[in-house]
2 protein chains.
Amino acid sequence: MTMKARRGERRTDALSKDRIVEVAIAILDAEGESALTFRTLAARLATGAGAIYWHVADKTALLTAATGDLIDRALAEGDDAPPRQAVRALALRVFDLIDAHSWVGGHLAREPWQPAMLRIFEGVGRQIQALGVPESTQFNAATALVNYILGCAGQNAANARLMPPGTDRDAALAAFAAEWTKLDPAEHPFVRKMAARLGDHDDREQFLAGVDLILAGLEAGR
Amino acid sequence: MTMKARRGERRTDALSKDRIVEVAIAILDAEGESALTFRTLAARLATGAGAIYWHVADKTALLTAATGDLIDRALAEGDDAPPRQAVRALALRVFDLIDAHSWVGGHLAREPWQPAMLRIFEGVGRQIQALGVPESTQFNAATALVNYILGCAGQNAANARLMPPGTDRDAALAAFAAEWTKLDPAEHPFVRKMAARLGDHDDREQFLAGVDLILAGLEAGR
DNA sequence: ACCTGAACACCGTTCAAGT
DNA sequence: ACCTGAACACCGTTCAAGT
């Protein structure tokens with residue numbers, strides 16, 4: 001997108017970190033996490049695989065840069081809503097991003113110590129502060145929320161791996177529900193009862209319900 | 001441990017799924033997730049790499065079996081405590097297990113649709129039921145708790161990767177805190193303020209604080 | 001039925017050599 | 001300064017061949 005065109009650059013489509021990340025995201029989005037290879041990426045960029053290493057340290061750094069780009073974009077929209085609504089909106093933006101790009105969820109879950117995660121932590125923390133949570137519990141509260149988001153991110157990535165684009169989602173969930181129902185009633189009574197809810201539940205709503213639970217706990221402690 | 005000794009077996013140390021899993025766990029615990037290779041595993045078992053495939057479908061299945069073993073063992077201890085204490089105890093047992101075997105955290109986060117996860121879900125759900133949570137919210141509540149645990153599991157695995165055994169934990173955390181302090185005060189005021197708490201926080205305590213937050217939210221909704 | 005081990009089809013990463 | 005592409009050091013997995 002914003003290609004830092006340097007002076008003295010020869011071709012319009014010269015290699016640059018931005019362009020590499022851009023193409024990586026395109027591959028990731030279109031074909032999934034497992035399709036991103038330095039060889040395929042290099043082919044798409046019409047270079048050698050080694051060339052990429054001049055611009056990016058390694059594959060983890062590449063994924064981190066790609067994740068950072070998307071998270072930045074997702075968090076860019078301002079929110080001057082009251083804190084309670086603002087956290088929900090923030091969480092929801094992260095959820096929707098991960099839902100649209102499941103590999104982001106995978107990378108966040110795998111590498112939580114990355115700038116994008118810090119940005120989420122910052123956004124969450126600010127609202128928690130605005131919520132009037134006492135200083136002594138702000139750290140725990142923000143961490144809890146972020147860890148919850150992280151867990152959902154991983155779940156989402158796993159789901160995407162399990163049901164690649166083109167999969168009949170309803171059928172896949174029905175298959176899981178059927179398996180749950182086959183479990184030993186003595187050992188898994190609760191799971192069996194929940195099988196019925198698997199099919200008609202809404203991931204997004206469920207995600208938000210978890211956020212609300214944590215926020216409610218925070219307000220109860222107030 | 002419990003080697004299903006089949007009739008007609010030749011050597012005492014014949015290959016079996018149990019023995020493979022046992023040795024895999026030993027490698028994982030001693031040298032970390034990246035050290036487990038079908039080649040090293042086969043070498044340790046004094047066989048060829050291909051032999052393992054007769055007993056285990058693939059590497060994921062191996063990790064799943066190993067994780068299942070440890071989770072089973074960790075959840076085996078009964079808890080006839082009141083539900084509130086029982087969930088905390090259950091969560092804590094999972095945390096301590098993951099803390100001792102970080103690869104379990106990694107695998108749970110990577111593959112949430114596994115029996116071990118279902119067992120955790122079952123345990124959590126039962127107590128949530130006992131807590132008197134209305135049926136309509138039991139699914140969301142149990143999922144939230146499990147997703148939170150999942151997120152912490154991933155965090156823990158990432159931490160272990162970042163600070164392998166022998167690392168000075170205090171120094172590593174101090175380094176992170178120093179980096180946080182170097183962030184732009186305009187963009188990361190909250191993170192900067194939290195840097196001070198990074199060093200003296202207790203992971204286990206923080207984990208439990210998150211569980212309590214969710215439980216408090218559940219009781220507030222009651 | 002169970003095991004062997006070479007071979008296959010990949011990976012990420014490095015690096016001498018080029019321009 | 002930046003790119004090329006062969007080569008290195010691995011992987012998980014398969015499978016013909018053995019016992």
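Letters go in sequence order (proteins before strands), and every chain restarts at 1.
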- For B/E33 and D/dC11, give me the distance from atom CD to atom C1', rounded to whole Å. 15 Å

- Centroid-to-centroid, A/Y148 to B/Y148, below 6.0 Å? no

- In terms of heavy-atom contacts, A/A158 and B/R110 come closest through CB-O, 3.8 Å

- In whole angstrom, give the distance that lies between atom CZ of B/F38 and atom P of C/dC11. 19 Å

- Heavy-atom pair with the smallest gap, counting every atom of A/K193 and B/Q138: NZ-OE1, 3.6 Å

- Query: When the distance from CG of B/L63 to P of D/dG12 is rounded to whole Å, what number comes out?
  - Reply: 10 Å

- Item | Upstream residue (5' side of DNA chain C) when B/R39 and A/K59 are each assigned their closest nucleotide | B/R39

- Under a 3.5 Å limit for both distances, which nucleotide forms a Watson-Crick or G-U wobble pair with D/dT19, could you say? C/dA1

- At under 4.0 Å between heavy atoms, what does B/L41 touch on the DNA or RNA strands: base, sugar-phosphate, or nothing? nothing

- Could you tell me whether A/I52 contacts a base, only the sugar-phosphate backbone, or nothing, with contacts defined as non-hydrogen atoms closer than 4.0 Å? nothing

- Task: State whether B/D69 and B/K17 are salt-bridged, where the test is any N-O pair (Lys NZ or Arg NE/NH1/NH2 against Asp/Glu carboxylate O) under 4.0 Å.
- Result: no

- Now, which nucleotide makes the Watson-Crick or G-U wobble pair with C/dA7, with each of the two distances under 3.5 Å? D/dT13

- Under-4.0 Å side-chain N/O to phosphate OP1/OP2 contact, A/T37 with C/dC11: yes

- Item | Check: A/Q127 side chain, A/V87 main-chain N or O, donor-acceptor pair, under 3.5 Å | no

- DNA chain C nearest-nucleotide lookup for A/S34 and A/A51: closer to the 5′ end is A/S34

- Item | Out of D/dT4, C/dT13, D/dC3, whichever nucleotide has its closest atom nearest the side chain of A/L15 | D/dC3

- Message: If I take atom CG in residue A/L45 and atom P in nucleotide D/dG5, what distance separates them, rounded to the nearest angstrom?
- Response: 14 Å

- Take atom CZ of A/R19 and atom C1' of D/dC3, then tell me their distance rounded to the nearest Å. 13 Å

- A/L62 CG to C/dT13 C1', in whole Å, measures 14 Å

- Task: Let me know, please, whether A/A49 or B/A49 comes out on the 5' side of the other along DNA chain D by nearest nucleotide.
- Result: A/A49

- Provide, to the nearest angstrom, the distance between the OH atom belonging to B/Y53 and the P atom belonging to C/dC8. 17 Å

